[in-house]
Amino acid sequence: MAAGRLIIKTEFLPTKYRGYMLPLSQVFWLAGSLLIIGLASVVIPTIGWRWLIRIASIPGIILIMAFKFIPESARFNVSTGNTQAALATLQRIARMNRSVLPEGRLVEPILEKRGRFADLLDAKYLRTTLQIWVIWLGISFAYYGVILASAELLERDLVCGSKPESQVAAVTAGDSEESQSPCHCHLFAPSDYRTMIISTVGEIALNPLNILGINFLGRRLSLAITMGCTALFFLLLNICTSSAGLIGFLFMLRALVAANFNTIYIYTAEVYPTTMRALGMGTSGSLCRIGAMVAPFISQVLMSASFLGALCLFSSVCVICAISAFTLPIETKGRALQQIK
């Protein structure tokens with residue numbers, strides 16, 4: 001869903017505005033993240049996590065009905081030979097902007113074969129595709145790793161100077177039933193939800209710098225820098241620090257992983273031509289899901305056995321992604337969207 005939304009915005013926005021407008025959509029992602037944390041703090045302690053899931057599904061149901069009001073991409077319609085639909089969309093946009101379309105007609109060769117998986121592995125895009133897949137997997141792995149690690153750190157109270165896990169377990173065993181969930185997990189305290197909210201706000205903190213980096217340094221260098229910094233801050237989590245220090249590190253990590261997602265979303269949508277753009281984003285999204293599936297095993301299983309080992313693994317993946325980003329063969333800064341391969 002997120003990939004489709006971004007593709008449509010990319011194909012509608014002029015080249016000079018893409019690097020500014022696309023990262024700003026992160027504000028709405030942040031609003032959703034804050035809303036679900038706020039709901040969790042109220043719903044889970046009172047009526048349980050199952051009701052949280054039910055309530056959280058309501059916006060998705062509403063969105064299904066709102067899809068019919070979203071216009072189809074004019075670029076896509078032209079590439080499929082549906083010039084009348086493309087013209088109707090452009091005329092609608094012109095009316096909304098109190099303008100008129102320039103004279104002329106839409107002309108584009110109709111392609112019988114488009115959106116083939118083999119096109120992604122064509123000699124022209126093979127290296128780009130493979131490196132993008134590595135980056136998407138790594139960014140997703142780091143993003144969800146940070147989120148799950150935040151919950152793990154707070155639930156287990158793994159702050160420097162806190163009680164060892166054996167003592168925490170002994171104390172937990174003696175707690176009242178109200179302080180535990182039915183699955184015997186240690187429930188978040190109100191202060192834990194506040195920590196989650198503060199760290200989540202970090203997702204927008206670097207947005208202005210991310211926008212400047214994308215537009216002045218370019219997509220590749222900007223992504224390489226933020227991925228390198230992400231690797232560094234993962235290692236800094238191992239430093240003996242206070243609760244405030246932990247919140248600060250989590251805040252910066254959330255800011256950096258959000259900046260990584262901003263940049264790779266823009267780059268992937270820009271680097272492929274219209275005939276391959278949706279396929280490129282879709283396959284990248286699949287790798288993203290794989291990274292998201294692996295992250296819990298590191299953040300919640302390996303981290304319990306070896307805290308430093310988990311952090312080193314996250315950091316190493318980020319370093320690999322930084323190198324992949326820096327060596328991408330195509331820079332899309334200021335590059336017009338390609339219509340055909």
Side-chain angles (χ1 to χ4, degrees), residues 1-2 25-63 140 142-163 165 167-169 171-207 233-234 237 241-259 261 292-293 295-296 298-301 303-304 307 310:
M1 185 181 295
S25 62
Q26 185 70 17
V27 174
F28 298 96
W29 181 278
L30 170 68
S33 299
L34 293 176
L35 178 61
I36 197 65
I37 295 173
L39 277 173
S41 67
V42 175
V43 174
I44 292 179
T46 53
I47 55 179
W49 61 269
R50 291 181 177 83
W51 273 103
L52 176 66
I53 295 176
R54 292 166 187 153
I55 295 171
S57 66
I58 295 174
I61 297 172
I62 296 173
L63 187 60
S140 174
Y143 180 84
Y144 291 102
V146 171
I147 294 175
L148 294 171
S150 300
E152 189 73 6
L153 289 168
L154 294 172
E155 182 180 340
R156 294 179 179 273
D157 197 22
L158 297 180
V159 180
C160 181
S162 62
K163 300 174 183 177
E165 285 192 34
Q167 293 185 30
V168 172
V171 173
T172 303
D175 285 344
S176 61
E177 292 184 2
E178 288 78 6
S179 67
Q180 299 183 40
S181 71
C183 63
H184 304 289
C185 296
H186 185 67
L187 292 179
F188 274 15
S191 60
D192 295 329
Y193 286 108
R194 286 195 295 271
T195 299
M196 292 291 289
I197 289 174
I198 293 171
S199 62
T200 301
V201 171
E203 292 200 14
I204 205 68
L206 289 184
N207 223 16
F233 272 91
F234 264 118
L237 281 179
T241 184
S242 63
S243 178
L246 176 64
I247 293 172
F249 288 146
L250 293 176
F251 182 91
M252 283 303 301
L253 270 173
R254 291 293 289 268
L256 288 165
V257 293
F261 255 130
M293 288 189 290
I298 309 303
S299 293
Q300 298 184 318
V301 179
M303 189 168 282
S304 299
F307 185 64

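All residue numbers in this chain count up from 1 along the given sequence. Please read these numbers as outputs of a predicted model, since none were measured by experiment.
- Between L253 atom CG and Y143 atom OH the span is 12.5 Å, to the nearest 0.5 Å.
- When all heavy atoms are compared, the tightest approach of V42 to T46 is O-OG1, 2.7 Å.
- Of all heavy-atom pairs spanning M303 and A149, the tightest one is CE-CB, 3.9 Å.
- A donor-acceptor pair under 3.5 Å links the side-chain atoms of S140 to the main chain of A292, judged by distance alone.
- With values rounded to the nearest 0.5 angstrom, L39 atom CG is found 11.0 Å from L34 atom CG.
- Taking CD1 of I36 as the start and CG of L52 as the end, the distance is 4.5 Å to the nearest 0.5 Å.
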Begin with the C-alpha distance, continue with both residues' side-chain angles, and end with the deciding distance and a verdict on side-chain contact (heavy atoms from CB on, under 4.5 Å) for S299 and Y144.
-> CA-CA 9 Å; S299 293; Y144 291 102; over 6 Å; no

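- Smallest separation of non-hydrogen atoms from A295 and G145: CB-N, 3.8 Å.
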Please assess F234 against V146 for the test side-chain contact (heavy atoms from CB on, under 4.5 Å), listing each intermediate value before the final yes or no.
-> CA-CA 9 Å; F234 264 118; V146 171; 3.4 Å; yes

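- The CZ atom of F307 sits 5.5 Å away from the CG atom of L237 when rounded to the nearest 0.5 Å.
- How far CD1 of I147 is from CZ of R254: 4.5 Å, rounded to the nearest 0.5 Å.
- The line from CD1 of I197 to OG of S41 is 6.0 Å long, rounded to the nearest 0.5 Å.
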